Number of protein chains: 2
Amino acid sequence: MELKRATDGEKGFEKVFAFLRERLLAGSLKPGDRLISERELSTLLGVSRPIVREALRALTVLGIVEIRDRIGTVVTRPDVSVLNDFFTFALAQQADMLDDVMQARVAIECQAIRLACERANIADFERLQRALAKIGETIDEADAGGMADFDFHRAIVVASHSETLTVLHSSMAGLLTHSHRSRRELVQAFPSMKNYLIDDHRRIFEAVIARDPERADATLRKHFAIGDEYRRRAVVGDIDKTSASG
Amino acid sequence: MELKRATDGEKGFEKVFAFLRERLLAGSLKPGDRLISERELSTLLGVSRPIVREALRALTVLGIVEIRDRIGTVVTRPDVSVLNDFFTFALAQQADMLDDVMQARVAIECQAIRLACERANIADFERLQRALAKIGETIDEADAGGMADFDFHRAIVVASHSETLTVLHSSMAGLLTHSHRSRRELVQAFPSMKNYLIDDHRRIFEAVIARDPERADATLRKHFAIGDEYRRRAVVGDIDKTSASG
DNA sequence: GTTAGCATACTGGTCTGACCAAGATCAGAC
DNA sequence: GTCTGATCTTGGTCAGACCAGTATGCTAAC
C-alpha cells in the first residue's frame, strides 16, 4: 500500500505540519497546551521522528510553538517578533533597499505617533522625556547620541501601544542602525545639526504631550525630511560652516 | 573530543542555522545561489543530516530558501507568503491582533500614497484608474467588489515604487482580505456606503493625479476612518436606513 | 505518617547508516 | 554528432540507538 490515501494527501513533513496546523487553527490546540511527545506524534502519524522534528522546528521559527528541552513542546502565544527574523533576512539581501526601508520606517513611526497621541499614558510620557533629556546630554557623543536618538524614536512607537507597529519598527531599526550611526557622525561636520536634533525632538515630544496627532505627524515628517537634507548635503560635500569648530 | 570548541558556541540546529544566517545576511549567499548538499553541509559542520534538514526546513518556512526535491536547496528571493502563514496562525488564536495589523496597513498605505504622488508614472495612473472603474462596476458584488477595492489600494502601494512598502503591504493582504470581505458585506446593510466607497476612492485617485501628498494622505486617512465608523455602527447595530432597500 | 533519596520512565537532542526515487551527468553505442 | 542508458548525486525518509536532564513514584529512613 504505497499509494497515499485520500485522508493523508500530504506525505512526511507536510502531513505532520498539516496535522498540527489543523488543530492550531481549529483551536483544539491553544496557547499553553503541551503537545504529545515527538515519539507519540511520529507513531500516531506514521512518520519518523526526524520528520516530526522538522515540523515542530518549522512551527518554532514561526513562533507558534516552543520546544522545551526535556520538557516537551508547548503552544505559545503568537508573537509578532517572528517577523523580525523574516524581515532581517528579507531586507538584508537587498542592500539597495536601505532608502526604501527608511521610507517604511517613516511610515511606521508617523502612524505610531498618531496612535501615541491617543493612547500614550504617563509612563510613556516619562519615557519620552527621559529619552529627550538623554539626547541633549549626549549630543556630542556619536555612539551614545545615536542610541539616545534611537531610544526616543522607539519610545514613540512603544507609546502607540501597537505590538505590530513596534515589531515592524524594531526589525527595520536593526537594519538602520548603521545609517543611524553614520548620520550621527555628521553632527561633527554640521554643528547646526545639534540644534536641529534637540529642537526637533522637543517639538515632537510637545506635540505628543498636546495629544495633537496632525501636528505630531507633521513635525515628525519634517524631522525626517531635515535629516534627509543633511545627509544630502553631506554627500554633496556642502559642509556646514556657520558655527563650525564650536 | 566531545567538548564543543570555542568557535562553535551553538550546537546542532543552532550551529547550522547560524552558519547559514551568517552567509545570508553577509550576502555571500544571494538569491538564486544553490547551497551545498545536505550531506556536505552535515560533514562540514559536524552535525547529522537530520539536523541540517531542520535548519533548512526552518529557512524554508521563513521563505529564505527553497528545497527542491532531488535538485538541491536554493536561496530564494524572500517571499511574503510566509507572513501569510504566520498571520493565519496568529489570528486564529488572537483575533485582537487584527486591529493592530490594520494600523500597520494604514501606516504603510499612507506613506505609500505620499511616495506615489511623487513617483507614480502613467502606467500607475492607468492602473489606478482601471481599479477605480472596477470598484464602480462591482459595487453590488461582495466578492468582486472586495477584490476591486483591494486592487485599488494595492495599486497605490505599487505606485509608490517602494519594494519594502509593497512587501509589507502584501504581507498583510491575507488578513485584509478577510476584513475586506466582511466589510464589503456591509454594503448591503449600508446603502449609503456605496457612495462612500466610490466617491472616496475617486477623491483619493484625484489627489494622486494632482500629485498632492498632503491631500492624498489626508483623504486616505479619512477614507479609513469612515470605514472604521461604518464597522463600528455595524457592530452597534445602527443599520443605515436613509436609502435602504434601494 | 511523613519525608528524604534514589531508581526509573519519560522528554527532547542528536547521531549513524541505510534505502528509495528521480534529476544530472557522462560514457559508450549508433 | 546525437541518442541512450548506467551511474552519481540529491532530497525524502526511516529505524534504531545513545545521551542528558526532568518528573515521578517508590522505597527506605526518620
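The shown structure was predicted, so the numbers you read here are calculated from the model rather than taken from an experiment. Sequence lines set the chain letters: A, B, ... in the order given, protein chains first and strands last, and positions in each chain run from 1.
- Counting atom types as modelled, Arg49(A) pairs no side-chain N or O with a base atom of dT13(D) as donor and acceptor under 3.5 Å.
- Checked against dT22(D), dA17(D), dT10(D), the side chain of Arg70(A) finds its nearest nucleotide in dT22(D).
- Atom P of nucleotide dC18(D) and atom CZ of Arg39(A) are separated by 13 Å, given to the nearest angstrom.
- DNA chain D is contacted by both Leu35(B) and Asp69(A); Leu35(B) maps to the nucleotide lying nearer its 5′ end (nearest heavy atom per residue).
- One can place CD of Glu38(A) at 5 Å from C1' of dG12(C), the figure rounded to the nearest angstrom.
- Taking atom CG of Leu41(B) as the reference point, atom P of dC15(C) lies 13 Å away to the nearest angstrom.
- Summarising the geometry, the separation between CG on Leu45(A) and C1' on dA15(D) is reported as 17 Å, rounded to the nearest angstrom.
- Taking for each of Arg57(A) and Arg34(A) the nucleotide of DNA chain C with the nearest heavy atom, the 5'-most of the two is the partner of Arg34(A).
- Taking only side-chain atoms of Ile51(B), from C-beta outward, the nucleotide of dC15(C), dA18(C), dA17(D) with the closest atom is dC15(C).
- Nucleic acid contact class of Glu40(A) (heavy atoms, under 4.0 Å, all strands): sugar-phosphate only.
- OP1 and OP2 of dT16(C) both lie 4.0 Å or more from every side-chain N or O belonging to Ser48(B).
- Atom NZ of Lys15(A) is separated from atom C1' of dC14(D) by 13 Å (rounded to the nearest Å).
- A heavy-atom distance below 4.5 Å is not found between the side chains of Lys30(A) and Val75(A).
- Within 6.0 Å of CZ on Arg34(A) lie no more than 12 heavy atoms contributed by other residues, nucleotides or ligands.
- With Glu38(B) as the fixed residue, the salt bridge (charged side-chain N to carboxylate O under 4.0 Å, His left out) test singles out one of Arg70(B), Arg57(B), Arg49(B): Arg49(B).
- Straight-line distance from the CD atom of Glu14(A) to the C1' atom of dT13(D): 14 Å, rounded to whole Å.
- The backbone N or O of Ser160(A) lies less than 3.5 Å from a partner atom in the side chain of Arg119(A), making a donor-acceptor pair.
- Distance, Leu44(A) CG to dC14(D) P: 14 Å, rounded to whole Å.
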| task | Check the pair Phe17(A), Glu54(A) against side-chain contact (heavy atoms from CB on, under 4.5 Å), reporting the backbone distance first and the verdict last. | result | CA-CA 9 Å; Phe17(A) 194 77; Glu54(A) 280 184 37; over 6 Å; no
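- Between the P atom of dT13(D) and the CD1 atom of Ile67(B) lies a distance of 10 Å, rounded to the nearest Å.
- Contact check, Ser37(A) against dT11(C): a side-chain N or O comes under 4.0 Å of OP1 or OP2.
- For Phe13(A), whose side chain is taken as the heavy atoms from C-beta onward, the closest listed nucleotide among dT13(D), dG23(C), dG21(D) is dT13(D).
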